[in-house]
Amino acid sequence: MREFIVAIRVFIVLTILTGVLYPLAVTGIAQAAFKDKANGSLITQDGKWVGSHFIGQAFDDLKYFWSRPSATSPVSYNAASSSGSNLSATNSALMEAIEVRVKALRDADPGQKEAVPTELVTASGSGLDPHISPAAADYQALRVARIRGKSVEEIKQLILKHSTGPDLGVLGESVVNVLELNLDLDKK
Amino acid sequence: MVGMQTIIYWVVLLALSFPLGKYIARVLDGRVNWLRPVETLIYKLGGVRENESQSWKAYATGIILFNAVGFVVVYFLQRFQASLPLNPSGMSQVSPDSSFNTAISFVTNTNWQGYGGESTMSYLTQMLGLTVQNFLSAATGIAVLAALIRGLRAREVSSIGNSWVDLIRTTLYVLLPLSLVLGVTLASQGVPQTFDSYAATNLVQATKDGDGKPVTTQTIALGPVASQVAIKQLGTNGGGYYNVNSAHPYENPTPLSNFLQMVAILLIPAALCITFGEMVKDRRQGIALLVAMTTLLLLFMIPSIAAEQNGNPKFVSGGLTTNANWEGKESRFGIENSAIWATATTAASNGSVNSMHDSYTPLGGMMPMILMQLGEVVFGGVGSGLYGMLVFAIIAVFVAGLMVGRTPEYLGKKIEPYEMKMASLVILIPCGLPLICTAIPLIFGTGQSSMSNPSAHGFSQLLYNYSSMSNNNGSAFGGFSANVPFHNYLGGIAMWLSRFALIVPVLAIAGSLGKKKVVPVGAGTLPTHTPLFIGLLCGVVLIVGALTFIPALALGPIVEHLQMTAPAGGVH
């Protein structure tokens, strides 16, 4: 019986330590040192939130760069309910979905004959991937340049401006932030 | 194939494990005291008699009572969260079966998640229920390990330490400081840490939902994420704040945050090998176990990376640039980082993911599955991985003893029938549970009805998920509909057994070994730090796993691989 009471008392003390004081300490330090990041790196434009640096959005307008396919429901890029497709490599639904996406990209830009970058037509793990590879951006540059009446060179400069990575020169992949690239396009 | 990132990962991980391992040894031996006033206060408030030492039965009673309290608290927090504070986004109460499953899951260091975090749990439940258990289940594992090591090095004493002191000191001196540093660092990379409610932002381009209704805003789930992610990785818990875990760009925003989390996954399990060597005053013993674990993990990590890079043969023929398997992987991490993570997280009983294992190629996904089926002893959970591996070491010296007809001994302790009976339990339960728990739902049809992918892969989903729960891992083939009463209850029972039905015999071994006298090393003693022993140990782990699981694997990933690579018009 004594052991049972000790168990409850130790549990309460450690709960206060790890479940209250610890999260509050991290919150206090994070809010003081990097408030913007701790609050989700939200992007403000004309006094309104237009998204987050880290959360992708869906695009299918020809004048925008398109993000990777998203498997969230009921809408793609639902940032309140992240999800991958969980389709297996041998599930016929996977190749069917990829074929539809390839066709949409080809129809949007009949002049673009090159192979489609794989990650541009496969669903991301989170369904919220804010990035595409530089190759996937270059693939779409012709279309965006044509619709917006700009030179391909100008568009590629913008892509370069919004490219980051690999971190420390070796970690991860080189990527382009789609939302920020599109916001920048709209500014010009 | 294997690139710079894999090499850098291993170098950093192994380099950090040495100083941390020595530090943990000093913590467990009571030689670290920089938070002494806080420690004393906790003993006072908790009613702990610091200098009381316990027999193995008293130690086990303490551990089980403590975890039972944890189960009750996490269960009721979920059941009543709708009427409790800190619920700004208005989450409703969680169902009884899901609450049961989740409470056991977090108490047993499994962190299997049948629910989606951001659409189910209030901030209060995440902090006071889940984050707390992330610490306490990790502390439980390390405490049990400390007791086993004390049994191994003791000379004819019946005490194996004090469970309360071990739990408290591990939390205070190891888990909290490391989590604080990692949590703040992750927040600096962009992981949210706030108590504000979810943000509603305007979409740049309006879109439509499934019913064709226009959608112009995006609700972005926030919360105290960084603090929970830090301990989720360090404590080999793996339970994500968000549904997709560390694939979520908030839970794991940058390649650097990804690297730090990957190191954190294996850091304490690797360091504890060094701790072991320090505590038994023979560093070579600890290094030998670390080498064995590293070898075993590389044996599965490298093929998984290769399988994902070789990818899906239908991609290039479908007009894409590469076969590399990008389905379910994040752009910023890439293929190599995803497969390193997938194998590290299943070798350790962590179970967090940064890519969707369900969408891996058959062989790429089989490697994480096997690592779980080996009983979570290749690094394994904090504490639990090493006490599992030490039991395998006892089996290995027993096998070697049989070959030469000598009574086996480990670290000078004779291994006799009582220890072998307990060790057999520790080995056999993780072999039997996954297979039995895979078979039961198939008999009742609930296995088939939860599968989301066709044919062989559907079976792989079932096998993977019960291998995960029955070994306290927690990762999933996520398409499987696990959040139904049948799987919630069966899985809950499996998780409880695989944790506490192993802890009790491990502590029994600790108690029994502690009472024995140390026999001097003789000419016939098998040294347990040599390459020969490392090979023997790896062999025993692999053979037990292979004999148990190859038939089941043949029905799942192996046949699926043959289906995937068969020429068109060939095997169907």
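Scope of the values below: all heavy atoms of this structure, side chains included, with no hydrogens, waters or symmetry mates. These numbers were taken from a predicted model, which means no experiment stands behind them. Convention: sequence-line order gives letters A, B, ...; per-chain numbering from 1.
- Looking at A/Thr18 and B/Ile231, their side chains never come closer than 4.5 Å, going by heavy atoms from C-beta outward.
- No side-chain heavy atom of A/Pro166 sits under 4.5 Å from any side-chain heavy atom of B/Pro255.
- In this structure, a donor-acceptor pair under 3.5 Å is present between the side chains of A/Thr90 and B/Glu560.
- Looking at B/His457, only its side chain comes within 4.5 Å of chain A, counting heavy atoms on both sides.
- With chain A as the partner, the residue from B/Pro192, B/Pro249, B/Gly479, B/Gly223 showing the most heavy-atom pairs under 4.5 Å is B/Pro249.
- Neither the backbone nor the side chain of B/Val38 comes within less than 4.5 Å of any heavy atom of chain A.
- For the pair B/Glu327 (side chain) and A/Ala89 (backbone), a donor-acceptor distance under 3.5 Å is absent.
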Using the side chain to side chain contact (heavy atoms under 4.5 Å, CB included) rule, take B/Val48 and A/Val6 through it: C-alpha gap first, then chi angles, then the decisive distance, then the call.
CA-CA 7 Å; B/Val48 175; A/Val6 172; 4.1 Å; yes
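- By the 4.5 Å heavy-atom criterion applied to side chains, A/Thr15 and B/Leu128 are counted as neighbours.
- Taking B/Val316, B/Leu65, B/Val191 one by one and counting their heavy-atom pairs under 4.5 Å with chain A, the maximum is reached by B/Leu65.
- Interface remark: B/Phe480 contributes no atoms to any contact with chain A (heavy atom separation under 4.5 Å).
- Side-chain contact between A/Pro130 and B/Arg332 is present, with at least one heavy-atom pair separated by less than 4.5 Å.
- No part of A/Asp36 comes within reach of chain B, as not one of its non-hydrogen atoms sits under 4.5 angstrom from that chain.
- Only the backbone of B/Lys329 comes within less than 4.5 Å of a heavy atom of chain A; no side-chain atom from C-beta onward does.
- No donor-acceptor pair closer than 3.5 Å links the side chain of B/Gln193 to the backbone N or O of A/Val26.
- Between the side chains of B/Tyr250 and A/Ser52, at least one donor N or O lies within less than 3.5 Å of an accepting N or O.
- Rounded to the nearest 0.5 Å, atoms CD (A/Glu173) and OG (B/Ser338) are 8.5 Å apart.
- Inter-residue side-chain proximity for B/Val72 and A/Phe11 is flagged as unmet; no heavy-atom pair is nearer than 4.5 Å.
- In this structure, chain A has a heavy atom under 4.5 Å from the backbone of B/Lys44, while its side chain stays farther away.
- Of the atoms belonging to A/Gln31, it is side-chain heavy atoms, and not backbone ones, that fall under 4.5 Å from chain B.
- Interface remark: A/Leu24 contributes side-chain atoms only to the contact with chain B (heavy atom separation under 4.5 Å).
- Only the side chain of B/Leu172 comes within contact range of chain A, with heavy atoms under 4.5 Å apart.
- When each of B/Gly318, B/Ser179, B/Ser119, B/Gly70 is checked for heavy-atom pairs under 4.5 Å with chain A, B/Ser179 comes out on top.
- At a 4.5 Å heavy-atom cutoff, the contact between B/Phe333 and chain A is made by backbone atoms alone.
- Dense packing is recorded around CD of B/Gln205, with more than 12 heavy atoms of other residues, nucleotides or ligands lying under 6.0 Å away.
- Looking at B/Val215, the atoms closer than 4.5 Å to chain A (heavy atoms on both sides) all sit in the side chain, from C-beta outward.
- Interface residue A/Ile29: only side-chain heavy atoms are found under 4.5 Å from chain B.
- A donor-acceptor contact shorter than 3.5 Å is absent between the side chain of A/Tyr22 and the backbone of B/Leu176.
- Heavy atoms closer than 4.5 Å to chain A are found nowhere in B/Leu175, neither backbone nor side chain.
- For chain B, the nearby part of A/Val13 is the side chain; its heavy atoms alone come within less than 4.5 Å.
- Heavy atoms closer than 4.5 Å to chain A are found in the backbone of B/Ala324, but not in its side chain.
- Atoms CD and OG1, from A/Glu119 and B/Thr321 in turn, are 7.5 Å apart once rounded to the nearest 0.5 Å.
- Put simply, the side chain of A/Lys37 never gets that close to the backbone of B/Ala187: no donor and acceptor are under 3.5 Å apart.
- The line from CG of B/Asn325 to OG1 of A/Thr122 is 8.0 Å long, rounded to the nearest 0.5 Å.
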Under the criterion side chain to side chain contact (heavy atoms under 4.5 Å, CB included), I'd like the reasoning laid out for A/Thr27 against B/Phe195: C-alpha separation, chi angles, the key distance, then a yes or no.
CA-CA 8 Å; A/Thr27 309; B/Phe195 290 99; 3.5 Å; yes
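- Residue contact with chain B, scored on non-hydrogen atoms closer than 4.5 Å, involves the side chain of A/Tyr64 exclusively.
- Residues B/Val184 and A/Phe34 form a side-chain contact, since some pair of their non-hydrogen atoms from C-beta on lies under 4.5 Å apart.
- Of the atoms belonging to A/Ile98, it is side-chain heavy atoms, and not backbone ones, that fall under 4.5 Å from chain B.
- Using a 4.5 Å cut-off between heavy atoms, A/Val170 contacts chain B through both its backbone and its side chain.
- Between chain A and the options B/Ala230, B/Gly183, B/Gly129, B/Ala200, heavy-atom pairs under 4.5 Å are most frequent for B/Ala200.
- Between the side chains of B/Gln218 and A/Trp49, no donor-acceptor pair of N or O atoms lies under 3.5 Å.
- Neither the backbone nor the side chain of B/Thr217 comes within contact range of chain A; no heavy atom of the residue lies under 4.5 Å from a heavy atom of that chain.
- Looking only at side-chain heavy atoms (C-beta outward), A/Ser85 and B/Met356 stay at 4.5 Å or farther from each other.
- Of the two parts of A/Asp129, the backbone and the side chain both hold a non-hydrogen atom closer than 4.5 Å to a non-hydrogen atom of chain B.
- Taking B/Phe315, B/Tyr242, B/Tyr43 one by one and counting their heavy-atom pairs under 4.5 Å with chain A, the maximum is reached by B/Phe315.
- Heavy-atom distances place both the backbone and the side chain of B/Asn453 under 4.5 Å from chain A.
- For chain B, the nearby part of A/Leu42 is the side chain; its heavy atoms alone come within less than 4.5 Å.
- Within the 4.5 angstrom heavy-atom criterion, atoms from both the backbone and the side chain of A/Phe54 approach chain B.
- Counting heavy-atom pairs closer than 4.5 Å to chain A, the top residue among B/Asn337, B/Thr207, B/Thr131, B/Leu256 is B/Leu256.
- Using a 4.5 Å heavy-atom cutoff, the side chains of A/Arg9 and B/Leu45 are not in contact.
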Applying side chain to side chain contact (heavy atoms under 4.5 Å, CB included), run through B/Asn243 and A/Ser83 and close with a yes or a no.
CA-CA 7 Å; B/Asn243 184 40; A/Ser83 175; 4.2 Å; yes
B/Gln5/A/Leu171 under side chain to side chain contact (heavy atoms under 4.5 Å, CB included): CA gap, chis, key distance, verdict:
CA-CA 6 Å; B/Gln5 302 191 70; A/Leu171 299 177; 4.3 Å; yes
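- The contact between B/Leu222 and chain A is made entirely by side chain atoms (from C-beta outward), counting heavy-atom distances below 4.5 Å.
- Heavy atoms closer than 4.5 Å to chain B are found in the side chain of A/Val175, but not in its backbone.
- With a 4.5 Å cut-off on non-hydrogen atoms, A/Ile12 does not touch chain B at all.
- Only the side chain of B/Thr171 comes within less than 4.5 Å of a heavy atom in chain A; its backbone stays farther off.
- With a 4.5 angstrom heavy-atom cutoff, A/Ala80 touches chain B via backbone and side-chain atoms both.
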